[in-house]
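Just so you know, these numbers use all the heavy atoms, side chains as well, and skip hydrogens, waters and symmetry mates. Keep in mind the model is a prediction, meaning the values are calculated, not measured. First the proteins, then the strands, lettered A, B, ... as listed; each starts at 1.
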Amino acid sequence: MTSSVIKLGRDFYLRPTLEIAHDLIGKFLVYKKGKHLLSARLVEVEAYIGEEDPACHAAVGRTRRNDVMYGIGGHSYIYFIYGMYYCLNVVTERAGFPAAVLIRGAEPVEGAELMKRPYANPGSNRLTDGPGKICKAFGLTREQNGLDLTGAKLYLEDRGYRPLRIGTSRRIGIRKGTDKLWRFFEESSPFVSAKIGTKK
DNA sequence: TGTTGGATCAACT
DNA sequence: GTTGATCCAACAC
């Protein structure tokens, strides 16, 4: 509807992580990859909050791996896992408090053809329905870890899109902290990574 | 220096 | 529902 496009600034990332996670649904992830521009609308995220959250990488304390989570909100935290995949997080809250929002699902908007390149089966239109797949489609690796999301390379935008209904559920793929309902997703989106119903 | 297991995904049975 | 692919950080020694 509206044509206004607003890049999310530092203040967006310095609020409580659960608010940020909820508000990220429907925002657009934008990555300037060389002369190309890739973007996708977020449909699924999970919050990881503090050293008290057993599923958060910061549960073991500050290490070289999770260091950027201890920095000020509004930076990228990209880690490597399972020998083959990268996962993209948005660091939140003040410096010294480790928290982040994992980007789990998105709908390709711009640069969709480029996102197909890493895939053996480019005919699939499910290139970004999972945290590992988003990084694969966007070409994000450890090299993009710690980028300032208020900069010009990798950032998030509010393009005026408002999701119809945002569901919540427990988080996926973790062994500890599964009681918390810290996953947020746009209901009925085909780009949500797994179908787990809304729980109260 | 060596071991272990993970915020995944695709391809099986 | 289970498994294999395959890296690296964390931790034990």
Does OP1 or OP2 of [N] have a side-chain N or O of [X] closer than 4.0 Å?
X	N	answer
A:Arg104	B:dT8	yes
A:Arg175	B:dA7	no
A:Lys176	B:dA7	no

Sidechain N-carboxylate O distance under 4.0 Å for [X], [Y]:
X	Y	value
A:Glu51	A:Arg62	no
A:Arg15	A:Asp23	yes
A:Asp67	A:Arg64	no

Mind checking if A:Ile174 touches a base, just sugar-phosphate, or nothing, with heavy atoms under 4.0 Å? sugar-phosphate
Does the base of C:dA9 carry an N or O that pairs as donor and acceptor with the side chain of A:Tyr79 under 3.5 Å? no
Checking the side chain of A:Ser39 only, and the main-chain atoms of A:Val109 only, is there a donor and an acceptor separated by less than 3.5 Å?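 Side chain of A:Ser39 to backbone of A:Val109, a donor-acceptor pair under 3.5 Å: no, none is there.
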Side-chain donor/acceptor of A:Glu46 to backbone N/O of A:Arg104, under 3.5 Å: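 Not at all, since once roles are kept as given, no pair shorter than 3.5 Å links the two residues.
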To the nearest angstrom, how far is [X] atom [atom1] from [N] atom [atom2]?
X	N	atom1	atom2	value
A:Arg65	C:dC7	CZ	P	16 Å
A:Ile172	B:dC9	CD1	C1'	13 Å
A:Lys180	B:dA7	NZ	P	15 Å
A:Arg171	B:dT8	CZ	C1'	17 Å
A:Asn121	B:dC9	CG	C1'	14 Å
A:Lys133	B:dA7	NZ	C1'	16 Å

Taking the six-membered ring of [Y] as reference, does the cationic atom of [X] (NZ for Lys, CZ for Arg) lie under 6.0 Å from its centre and within 45° of its axis?
X	Y	value
A:Lys136	A:Tyr85	no
A:Arg171	A:Tyr48	yes
A:Arg183	A:Phe185	yes

Among [options], the one nearest [X] by side-chain distance:
X	options	result
A:Tyr48	B:dC9, B:dA7, C:dA9	B:dA7
A:Arg142	C:dC8, B:dA7, B:dA10	C:dC8
A:Phe80	C:dC11, C:dC7, B:dT8	C:dC7
A:Pro131	B:dC9, C:dC11, C:dA9	B:dC9

Work out how far the P atom of C:dT6 is from that of B:dG2, and round it to whole angstrom.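 Between the two P atoms, the distance is 22 Å.
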Between C:dC13 and B:dG5, how far is it from one P atom to the other, in whole Å? 14 Å
Could you check which residues of residues 81-95 of chain A get a heavy atom under 4.0 Å from DNA chain C? Sort them by number, please.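 Listed by number, they are A:Tyr82, A:Gly83, A:Met84.
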On DNA chain B, compare the nucleotides closest to A:Leu102 and A:Tyr119; which residue's is nearer the 5' end?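 Result of the comparison: A:Leu102.
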Pairing of DNA chain C as dot-bracket, 5' to 3': ( ) intra-strand, [ ] crossing, | other strand, . unpaired, with Watson-Crick or G-U pairs under 3.5 Å? |||||.||||||.
Among A:Val45, A:Thr168, A:Ile166, which residue satisfies the side chain to side chain contact (heavy atoms under 4.5 Å, CB included) criterion with A:His22?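 Only match with A:His22 under side chain to side chain contact (heavy atoms under 4.5 Å, CB included): A:Ile166.
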Compare all side-chain heavy atoms of A:Phe97 with those of A:Ile49 and state whether any distance is below 4.5 angstrom. yes
